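Keep in mind the model is a prediction, meaning the values are calculated, not measured. As the structure lists them, so they are numbered: ligands from 1, and atoms in each ligand from 1. The chain is numbered in sequence order, starting from 1.
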Amino acid sequence: MTIVAGIDIGNSTSEVCLARFNGDKTVEFLASGIAKTTGIKGTVANLQGIIMALDVALSKAGLDISDLTEIRLNEATPVIGDIAMETITETIITESTMIGHNPATPGGVGLGVGVTCSLAELAAARSGEQIICVIPHGVDYEDAARMINSAIDEGVLVQGAIVNQDDAVLIVNRLCSNIPVVDEVTMIDKVPLGMLAAVEVAEAGQTIKTLSNPYGIATVFELSAEDTKLVVPVARALIGNRSAVVVRTPQGDVKARTIAAGVITVFGARGKADIDVDAGAAKIMELVERVQPVENVQGEAGTNVGGMLERVRQVMGELTGQSLNEMKIQDILSVDTFIPQKVRGGLAGEFALENAVALAAMVKTSRLPMQQIADQLEKRLNTRVIIAGVEANMAIQGALTTPGTAKPLAILDMGGGSTDAAIISRDERTFAIHLAGAGDMVTMLINSELGLNDVDLAEDIKKYALAKVESLYHIRLEDGTVRFYGQHLPPEVFARVVILKDGSMTPIPSEHPLERIRYVRREAKKRVFVTNALRALARVAPTGNIRHIDFVVLVGGSALDFEIPEMVTDALAEYGIVCGRGNIRGIEGPRNAVATGLVLSYHGAEAG
Ligand code: ADP
Ligand code: MG
């Protein structure tokens, strides 16, 4: 009895396929195993994950390591898809101090304009003076209201107030006139005093109108056209808020400064070309496709993109122990995005959405120390370990076990770091390519566009559907349907947007409405996977023409996604391509293609 294990070490996942070869050379698949890849693909740190995945498969089959005849590892392509990604943007810094946030309960309503004055100094204000009162931490709301009322009695025109604590409503209820009050301003000490300021609070259920409009701010502060340009980011950051404060600080207090996004130089087989990152993702990708295959990419020194590409090469060089000049960037994927950019001068952590370009870069190393892994595994397990077959070819062999497939066939392996494509012709000739950008980039885009700062949460948003908890007994799913519950839901999910994950609800701790989160999620998937599917298939197509491909099978972890396969299928349908999610061996879904191919190649070796 011959027991063979095929093991695929991916950037994210290590997968095992376990099979028995009977005397008559028929193969009987026994079990599969999966574990998170430990360490970077192709390094001995992978051993731990390999052994875990192997244990899973063996115990499912009721076998022991000593039963193994042979382990077959994939000849991993010397491409590391563990991609460094960053959003590249101009850094814009503005002139005004601003506070724009959505305290749950601002007080009063309307727009007030006046000079900022601390509560303690209010008694000294002159009659007829227009004042915005600044109420620091630790002041009782009764005292604050009393002092403001007495100033108003003296003829001081108190136009609005800015409060540190969550007291706006309590104060307004005790005032003799209705003025807008913005509360929960954490950095109240930083509010400059003696400066012209505007406070705006919208009617309940509405958003502010004046301070979210550059011309509104210009009117309030009598700005020149030149100064109005500078407040554009302030106004943009305030759009959609229920309340806001803008303080005019003296010229020169905060200097406007920009760090350029930078210029990328792409070195390709057909020459080199430069492009400014500001040109946007479409232009960058156009250039990459024009000079491809890409041999290296460099970024302009001293710019955002220069720093990013240099870091990618450094990290990869260190991890693989190769010198920096051996580290070549062999592909980049750029995607238009926007990032919540902290607005300089903001006192409550305000953000403006800035357009940016996200980049995934893939480094090609001259070799991966696969033999080392094989040697150590052989010693540890006391079993024959063989490096068998090129990853992409194995993936095709595995994909062909999907019921209903036949040669010629193309596959798209949508993993975490890279999107790989391979094609096999009727006469068994194969060709494969590897492109930067896959599931991890989608996660990164979701994380940055929603300003989550939490990669695990972004990963869950990517993988699971959303719902809005509308009452304690029902939720509305993102497709509009309603689900009722006999028992009341936990109070912490009430009125929140939640992720429906494995029967539980995870509330998303952000203010974004469901529609926005869904939009960001779907756009990120489209921009990465539709772009890369078209790019990848065009490169492996026999004549460079994607229309000459008839059948495509989607494999890899990202093919498990509940939307990505549909999006790719739709996009490919326009080219007359039949495309669908793989179902390896009729049972594995899109997983286990490479591992299965490795097992099948054993059969081939013996038969041949
Ligand atoms: P690799 O071959 O590079 O190891 P995988 O084929 O394991 O990569 O794919 C990893 C990617 O698949 C990750 O980006 C992960 O988020 C994604 N992924 C895994 N499971 C799912 C799922 N159920 N839905 C959507 N994406 C998934
Ligand atoms: Mg893979």
Show every side-chain hydrogen bond (donor to acceptor under 3.5 Å, both in side chains) that has at least one partner inside residues 571-583, sequence neighbours left out. none
Within-4.5 Å side-chain heavy-atom neighbours: I461 and L452: yes
With sequence neighbours excluded, tell me which residues meet side chain to side chain contact (heavy atoms under 4.5 Å, CB included) with I424. I396, Q397, K407, L409, E428, T430
Distance (rounded to the nearest 0.5 Å) between M505 CE and Y485 OH: 3.0 Å
Amino acids in close contact with ligand 1, where any non-hydrogen atom sits under 4.0 angstrom away: G10, N11, S12, T13, G415, G416, G439, D440, E459, K462, K463, G556, G557, S558, L560, D561, R591
Against E449, only a single residue in R527, K462, R516, R522 fulfils salt bridge (charged side-chain N to carboxylate O under 4.0 Å, His left out); can you say which? R527
Could you list the residues that satisfy ring pair (Phe, Tyr, Trp, His ring centres under 6.0 Å) with H512, not counting sequence neighbours? none
